[in-house]
Every structure is written in structure tokens, then in C-alpha cells.
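Inspection log for the structure reproduced underneath, given as C-alpha cells.
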Amino acid sequence: PGFARIIITKIYPINKNVCVIPFHTKNCEDIFIISKWWYNKSGELIRYLGKQIKYGNIYYIPVFITIVIFSFGFMLVPYPIKLDTYFGEPIHPNENESSDEFGERVRIKLQELIDKVESIPNKAHSIP
């Protein structure tokens, strides 16, 4: 991993107190909700309308713009979801540790943090 190589080769020889702090934010996938059906159908419709506009049917332009806005514009407005960020213990590189070993150790600690956080029950989503 690139981050481990930079830490081991560039930063660690200068500053021995360097560390990696793993973190995980829960409920990120609930911020932007789009159904798979709408995603597939709007993609097909956008491709069809794009071809029609390409062939000179300029009357499809307002419909095309409307579908694009509904497909991607409104869906990019995030929903008010409570996000919880959890930080793990700092991970310091060991002496004579290669970047691959350090990267693997960070990956394992991050996966342990994710497993621990995902086992915690969700809190009720509420808008303040």
C-alpha cells in the first residue's frame, strides 16, 4: 500500500512518533438513496434521449435535462442521517518493519474496528 510505503520510507526515519489512526463512519451508505430500478431505467432513457438529440431531434432536450436532474441532481442532496464516527487505537510502525507488513497490520486493525462498530445496534435516526 502506498500510505505504508510513504510512512516507512519518508516520514518514519524523520519522526519516530508517527502513527496511523484508523476510523470508520457508520451509516454512510444511507445518505444517498437511489433505487437500482430507477438507476437502470433512467440510464436507458438518458442514452435513448442522447441518441435522439444527436440525430437532430432537439425537441427532446428539455426532457433530457429534466431526466438528468431527477436522476442525478436531486439524488445528490443528502438525507439527514445520523453518522457515527469511531476511531481506533493509534498504530505505530515497528522497527525494521517493511511497508507491506505495516500496511497489512493497519488493514487488519481497520477490519477489526469495522467488525466491532457494525455489531453495535443502530441508533434511531432523528432530525434535531
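Just so you know, residue 1 is the first one in the sequence shown, and it goes up from there. In what follows, every heavy atom counts, from backbone to side chain, and hydrogens, waters and symmetry copies are set aside. As the structure is a computational prediction, the values presented were derived from the model and not from experiment.
- How far CZ of Arg105 is from NE2 of His92: 9.5 Å, rounded to the nearest 0.5 Å.
- The minimum heavy-atom distance between Glu118 and Lys26, with the atom names listed, is OE2-CG, 4.0 Å.
- Thr85 OG1 to His24 NE2: the interatomic distance, rounded to the nearest 0.5 Å, is 9.0 Å.
- Scanning both residues, Pro93 and Ile8, for their nearest heavy atoms gives CB-CD1, 3.7 Å.
- When hydrophobic clusters are built by joining Ile, Leu, Val, Met, Phe, Trp and Tyr residues whose side-chain heavy atoms come closer than 4.5 Å, directly or via intermediates, Ile53 is not grouped with Tyr55.
- Ion pairing between Arg47 and Glu44 fails under the 4.0 Å rule for side-chain N and carboxylate O.
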Practice problem: Quick one: do Phe102 and Ile91 satisfy side-chain contact (heavy atoms from CB on, under 4.5 Å)? Show the steps, please. | Solution: CA-CA 9 Å; Phe102 181 62; Ile91 304 168; 3.8 Å; yes
Quiz item: Can you list the steps and then say if Tyr86 with Thr25 is a side-chain contact (heavy atoms from CB on, under 4.5 Å)?
Solution: CA-CA 6 Å; Tyr86 298 88; Thr25 302; over 6 Å; no
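- For Pro62 against Thr66, the heavy-atom pair with the smallest separation is O-OG1, 2.7 Å.
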Quiz item: Between Leu45 and Lys41, is a side-chain contact (heavy atoms from CB on, under 4.5 Å) present by the stated rule, with each step listed?
Solution: CA-CA 6 Å; Leu45 188 57; Lys41 289 299 177 189; over 6 Å; no
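- Nearest heavy atoms, Asn94 versus Glu97: N-OE1, 3.0 Å.
- Between Val106 and Phe3 there is a side-chain heavy-atom pair separated by less than 4.5 Å.
- Heavy-atom contacts from other residues, nucleotides or ligands closer than 6.0 Å to CD of Gln111 number more than 12.
- Taking hydrophobic clusters as Ile, Leu, Val, Met, Phe, Trp and Tyr residues chained together by side-chain heavy-atom distances below 4.5 Å, Ile61 shares a cluster with Ile46.
- Taking every heavy atom of both residues into account, Ser99 and Ala4 meet most closely at O-CB, 3.2 Å.
- Between the side chain of Glu101 and the backbone N or O of Ser98 there is at least one donor-acceptor pair closer than 3.5 Å.
- Between Tyr48 and Tyr60, the ring planes are perpendicular. Angles over 60° get that label, and only those under 30° would be called parallel.
- In this structure, Phe23 and Leu113 approach most closely via the heavy-atom pair CA-CD2, 3.8 Å.
- Atom-to-atom distance recorded for Asn17:CG and Ile11:CD1 is 12.5 Å, nearest 0.5 angstrom.
- In this structure, Ile58 is a member of the same hydrophobic cluster as Val63, with clusters built from ILVMFWY side-chain heavy atoms closer than 4.5 Å.
- For Glu95 and Tyr12, the side-chain atoms include at least one donor-acceptor pair closer than 3.5 Å.
- The number of heavy atoms from other shown groups lying within 6.0 Å of NZ (Lys16) is above 12.
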